Amino acid sequence: MKEKLEQMKAEVLAKISAAVSLEELNEVRVTHLGKKGALTELLKGMKDVAPEDRPKVGQLVNEARSEIEAALEKAKGNMERSLREARMKMEVIDVTLPAKKNMVGHRHPNTIALEEVYRIFVGMGYEVVEGPEVEKDYYNFEALNIPADHPAKDEQDTFYINGDILLRTQTSSIQVHEMEKGKLPIRMIAPGRVFRADEVDATHSPSFHQIEGLVIDKNITFADLKGTLAEFARELFGEDTKVKFRPHHFPFTEPSAEVDVSCFKCGGEGCRFCKGSGWIEILGCGIVHPHVLEMSGIDPEEYTGFAFGVGLERIALLKYEIDDMRLLYENDIRFLKQF
Ligand code: DAH
């Protein structure tokens, strides 16, 4: 019995020192110390031991048990410690490693161009105002001298909400709101989103942006309009930019003009950028029609004014030489971060 015990003890201790995981240690505990374990089995053999030897054998068994338990505890402690150390090693931060690069957002070319326009006009004493995108027919058309049978009112150009309410097709509607306030003189620019039922292509979108300008005061003439817009063009496209006023027609201005700037790419020689003409169209403008002033309660005998409307995307496309408007709406960061 004693030899058996010694032999078993040696076996168990060998297993303990060979164990490489907590699971294996637990396995040893169950198979040798558990209720159905080897040591318990051994104790069952006590009935064959002479009664006077039993206390001695019992003591031996208990000693073996304690010895095994102590060995198990120690092995478990060692194993837990090395696991902890391994984890600590893994968690060490190497401050010399390169940092992870985060993708940073970027300002949109439209925003950059708009801020440039603000800078120029605010510098000339203009105020920045805004107006509603959902508009009454009156503000978008009627009060701007665009009568009911005007082609611009054709359903294919305008998104109607109902017979009287629509998505504004031009920021010129903001002129009317501003004039109705009755505070004169007016010197405003008004940026905003406009909507037209157009198919998407390289130069069209059903939603784009305009910047409206309006000046109303006593003794405003076409010369003021020319001087202001020529200065605007030079600030925007460079000192050497020339401007050309071409007669045009808008219902809300009389006379009206479209403004071309000399091509800043070729200096007016003619290139692919200006389609060989040397000139690039940038905006529409004119002297506010007396009827428009009247409808908004301003006396055309006392006051005159000029107005202009610029496409914001058009300015961004020209200034940054982008050849497809769709790029401005996709918001691909690889595109945006070039500006
Ligand atoms: N509203 C015009 C358009 O969308 C642009 C325009 C032309 C605005 C002449 C004006 C102006 O204020 O005077 O095509």
Side-chain angles (χ1 to χ4, degrees), residues 117 121 126-133 135-147 150-154 156-159 166-180 186-198 203-217 220-230 232-233 243-261 280-293 295-296 298 300 303-315 317 325:
V117 174
F121 282 104
Y126 285 58
E127 191 187 350
V128 178
V129 303
E130 283 183 35
E133 291 176 359
E135 195 54 280
K136 280 191 163 162
D137 182 286
Y138 176 79
Y139 288 95
N140 195 79
F141 293 125
E142 209 62 42
L144 288 164
N145 215 18
I146 304 172
H150 195 281
K153 292 189 68 172
D154 198 313
Q156 71 180 33
D157 296 323
T158 307
F159 289 113
L166 47 80
L167 299 182
R168 70 178 172 204
T169 61
Q170 48 185 358
T171 46
S172 303
S173 55
I174 307 173
Q175 291 188 26
V176 182
H177 287 288
E178 210 49 29
M179 289 188 288
E180 277 188 351
I186 294 170
R187 211 168 247 98
M188 66 141 216
I189 50 167
R193 185 188 284 269
V194 299
F195 305 85
R196 288 185 199 178
D198 276 331
T203 54
H204 291 87
S205 162
S207 163
F208 56 101
H209 300 81
Q210 290 184 330
I211 307 159
E212 196 75 14
L214 177 69
V215 171
I216 295 182
D217 205 343
I220 296 288
T221 68
F222 205 93
D224 298 306
L225 171 59
K226 278 184 85 174
T228 302
L229 293 181
F232 168 60
V243 289
K244 181 165 80 176
F245 287 73
R246 259 187 302 107
H248 200 77
H249 173 262
F250 295 105
F252 34 91
T253 44
E254 180 58 37
S256 306
E258 273 188 340
V259 174
D260 296 343
V261 294
I280 297 172
E281 182 213 316
I282 60 157
L283 57 81
C285 63
I287 293 293
V288 183
H289 198 294
H291 191 217
V292 169
L293 292 176
M295 279 188 281
S296 288
I298 296 172
Y303 285 96
T304 49
F306 66 77
F308 54 90
V310 199
L312 179 60
E313 280 81 356
R314 182 150 180 80
I315 292 187
L317 295 179
M325 190 173 180

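Since the model is a prediction, treat every value here as computed from it, not as a measurement. For ligands, and for the atoms within them, numbers begin at 1 and follow the listed sequence.
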Side-chain heavy-atom pair [X], [Y] within 4.5 angstrom cut-off:
| X | Y | value |
| --- | --- | --- |
| Pro191 | Leu312 | no |
| Tyr303 | Met179 | no |
| Ile315 | Val310 | yes |
| His289 | Thr253 | no |

Find all atoms of ligand 1 within a distance of less than 4.0 Å from any non-hydrogen atom belonging to [X], and give their numbers and elements.
| X | result |
| --- | --- |
| Gln175 | 12 (O) |
| Ser172 | 1 (N), 8 (C) |
| Thr253 | 13 (O) |
| Phe250 | 7 (C), 9 (C) |
| Gln210 | 3 (C), 4 (O) |
| Gly286 | 13 (O) |

Review point. Roughly how far, to the nearest 0.5 Å, is CD of Gln175 from CG of Leu214?
Key: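 Output value for this atom pair is 4.5 Å.
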Point to revise | Spatial distance of atom OG (Ser173) from atom OH (Tyr138) [nearest 0.5 Å] | key: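 Here the interatomic distance stands at 12.5 Å.
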Practice item. May I ask you to decide if His209's main-chain N or O and Glu313's side chain share a donor-acceptor pair within less than 3.5 Å? Key: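 Checked: pair present.
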Practice item. Could you check atom 1 (N) of ligand 1 against the protein and tell me its nearest heavy-atom contact, residue, atom and distance included? Key: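 In this structure, atom 1 (N) of ligand 1 has Gln170 OE1, 2.7 Å as its nearest protein heavy atom.
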Exercise for review: Starting from atom 5 (C) of ligand 1, locate the nearest protein heavy atom and write down its residue, its atom name and how far away it is, to 0.1 Å.
Suggested key: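 Answer for atom 5 (C) of ligand 1: Gly309 CA, 4.1 Å.
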Review point. Between Glu212, His249, His289, which one has a non-hydrogen atom sitting closest to atom 12 (O) of ligand 1?
Key: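 Among Glu212, His249, His289, the closest heavy atom to atom 12 (O) of ligand 1 comes from Glu212.
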Exercise for review: Give the single entry among Ala190, Gly284, Ser173 that approaches atom 9 (C) of ligand 1 most closely by any heavy atom.
Suggested key: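 Nearest heavy atom to atom 9 (C) of ligand 1 lies in Gly284.
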Check your understanding: Parallel, tilted or perpendicular: which describes the rings of Phe250 and Phe252, with under 30° parallel and over 60° perpendicular?
Key ->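 It falls in the parallel class, under 30°.
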**Study point:** Contact partition for Arg196 relative to ligand 1, non-hydrogen atoms under 4.0 Å
**Key:**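 Only the side chain of Arg196 comes within reach of ligand 1.
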Point to revise | Proximity to ligand 1 by part of Phe252, non-hydrogen separation under 4.0 Å | key: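 Answer for Phe252: side chain.
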Check your understanding: Do ligand 1 and Ala307 have nitrogen or oxygen atoms that lie under 3.5 Å from each other?
Key ->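 Among all N and O atoms of Ala307, at least one is under 3.5 Å from an N or O of ligand 1.
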Point to revise | Check: Thr169 N/O within less than 3.5 Å of ligand 1 N/O | key: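 For ligand 1, there is no N or O atom that lies under 3.5 Å from one belonging to Thr169.
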Check your understanding: Do the ring centers of Phe308 and Phe121 come within less than 6.0 Å of each other?
Key ->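 Aromatic pair counts; centres sit under 6.0 Å.
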